[in-house]
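Contents: one structure, followed by commentary.
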Amino acid sequence: MSRRVDIALTVNGEPVTESIEPRMLLSDFLRDRLALTGTHVGCEHGVCGACTVEIDGVSARACITFAVQADGSDIRTVEGLGTIAGMDRVQQAFRKHHALQCGYCTPGFLMTVRDLLRNHPLKTDDDIRDGLSGNICRCTGYEHIVRAVRELADERDGVRGDD
Amino acid sequence: MKPAAFEYVRAASLAEALAALDHDDAKVIAGGQSLVPMMNFRLAQPARLVDINAIPDLNRIEDAGTHVVIGALVRHAQAMCSDLLAARFPVVAEAMAHVAHLAIRNRGSIGGSLAHADPSAEWPLVVALLDGEIVVAGPDGERTAAAEDFFVAPLVTDLAEDEIVVAVRLPVPPAGCGMAFDEMSRRAGDFAIVSAGALVRVEDGVFAQVRLALGGVGDGPVRARAFEDALVGKPATPQAIAGCLDFAVEDLEPESDLHASAEYRLHLVGVLSGRVLERALARASGSAS
Ligand SMILES: Cc1cc2nc3c(=O)[nH]c(=O)nc-3n(C[C@H](O)[C@H](O)[C@H](O)COP(=O)(O)OP(=O)(O)OC[C@H]3O[C@@H](n4cnc5c(N)ncnc54)[C@H](O)[C@@H]3O)c2cc1C
Ligand code: FES
Ligand code: FES
């Protein structure tokens with residue numbers, strides 16, 4: 001076993017300090033050390049998007065980032081969005097549009113959508129589909145996820161939706 | 001799917017990173033977007049990782065007049081929205097849109113892409129197309145390498161184990177050049193089966209300068225020199241491009257693999273080359289419409 005290292009970071013606004021092996025993936029750190037099991041693990045090689053979190057305000061794959069590299073950074077996971085009683089705006093739109101079924105992919109989609117809404121024009125549904133292409137959903141067929149994001153993008157841009 | 005144990009060194013300066021690489025089995029980690037998947041599969045098991053992310057100044061894009069210098073830690077997402085790159089080399093943003101997905105583009109770096117040297121990757125092709133130079137630092141100082149010398153074989157470069165890519169220098173082409181990039185992949189964000197980039201300049205209605213770079217058909221990015229030579233001096237028309245396309249596949253010997261047969265790759269070279277050249281021509285100043 002390699003020498004442990006101490007890391008100090010912020011997770012969902014809370015300061016965290018832990019001693020870890022350098023080989024610990026950020027996804028395992030969040031799930032196994034901090035019991036934040038909302039960040040899901042699918043493929044563990046960057047392809048499926050289930051583990052997407054925010055590092056310093058931009059989306060990143062937790063499964064291909066070492067926790068030691070997150071030393072000093074600000075992490076947000078799905079637990080840092082809303083609560084069941086007080087969902088955040090992206091969660092509300094997913095609920096309204098039935099943008100999830102089993103929910104396995106949902107935490108990763110929520111983090112990706114937050115990043116898309118911050119930085120991307122999302123003029124057409126094709127833009128939305130392209131932006132979501134790094135997240136795999138085996139249940140919904142994507143259509144309802146696209147509708148949820150359409151509503152959020154229109155709301156952001158002050159465009160009136162048709163419902 | 002868990003990496004083997006390793007020792008972690010976070011370098012605060014280039015000198016510290018080079019010193020830490022003086023070791024039997026050390027590897028640089030930048031964005032980690034190629035290396036960590038390989039470590040998760042245990043295809044790579046370095047004993048020491050040297051993290052270069054904290055080295056100052058490697059994440060800048062600088063205007064040096066005759067050329068632009070892109071630091072090794074510039075992320076794909078950062079390059080994609082750089083105004084300076086958009087003004088000088090609009091083909092960069094066009095190519096970056098095809099690299100992986102949002103979250104991966106936020107972390108993956110140009111230096112990592114070049115050092116990883118996937119023959120289908122976008123950055124190596126763009127650097128070859130733009131006649132870029134790769135700046136490498138080692139124990140004996142800095143050297144530069146042209147793309148054609150840097151990429152040796154798939155996933156193999158001429159980097160020594162104790163060297164670090166620090167920057168890429170892209171010479172600014174003459175005003176009025178048109179550029180374009182396109183690729184074919186199975187799904188958005190996958191590595192390309194074949195990719196193509198073109199740069200053209202038109203003078204007095206004829207092609208004065210032509211560059212065509214291809215990915216996914218060789219050991220690294222390939223410049224189609226025979227095609228370039230054939231098209232220079234011809235009328236600046238789509239018909240002239242089509243008439244020379246046979247030269248684009250000359251000397252190419254792509255492999256057949258899981259993703260595509262060699263025949264299909266050669267077919268794509270013709271289709272994509274025609275497409276990017278026509279688009280580059282339409283964007284070049286001095287060309288009709
Ligand atoms: C799902 C998925 C899809 C992808 N699709 C694409 C795609 O379509 N096109 C594409 O181009 N890429 C793709 N990538 C790879 C991505 O672009 C990587 O970011 C890139 O290949 C490597 O950059 P990095 O900074 O992450 O390097 P790392 O993963 O940190 O390192 C990669 C290699 O380069 C070495 N290295 C890194 N930086 C330096 C340096 N400065 N000097 C010397 N050696 C260095 C490392 O030692 C390692 O061997 C994909 C990745 C994933 C996970
Ligand atoms: S688990 Fe990280 S991308 Fe699939
Ligand atoms: S809702 Fe089941 S995988 Fe997306």
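Note on naming: letters A, B, ... go to the chains in the order of the sequence lines (proteins, then strands), and numbering restarts at 1 for each one.
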>> To the closest 0.5 Å, what do you measure between CZ (B/R105) and CG (A/D115)?
In response: 10.0 Å

Which donor-acceptor pairs under 3.5 Å do side chains of residues 18-30 of chain B form with protein atoms, sequence neighbours excluded?
unit_1, atom_1, unit_2, atom_2, d
B/H23, ND1, B/D25, N, 3.0
B/D25, OD2, B/A47, N, 3.3

> Hey, are the side chains of B/L49 and A/F66 touching, using non-hydrogen atoms and a 4.5 Å cut-off?
Replying inline: yes

>> Are the side chains of A/S133 and B/H101 in contact, using a 4.5 Å heavy-atom criterion?
In response: yes

Does any backbone or side-chain atom of [X] lie under 4.5 Å from a heavy atom of chain B? Answer side chain, backbone, both or neither.
X: A/L116; result: both
X: A/Q69; result: both
X: A/V68; result: both
X: A/L25; result: side chain

>> Which one wins on heavy-atom pair count under 4.5 Å against chain A: B/N53, B/D190, B/I104, B/N40?
In response: B/N40

Hey, can you pull the donor-acceptor pairs under 3.5 Å for the side chains in residues 34-47 of chain A, sequence neighbours left out?
unit_1, atom_1, unit_2, atom_2, d
A/H40, ND1, A/Y104, O, 2.6
A/E44, OE2, B/K2, NZ, 2.5
A/H45, ND1, A/C43, O, 3.1

> Taking only heavy atoms into account, what residues of residues 73-85 of chain A are found under 4.5 Å from chain B?
Replying inline: none

> Counting a contact as any heavy-atom pair under 4.5 Å apart, which residues of residues 119-129 of chain A contact chain B?
Replying inline: A/H120

>> Any side-chain to backbone donor/acceptor pair from B/N106 onto A/A60? Under 3.5 Å, distance only.
In response: no

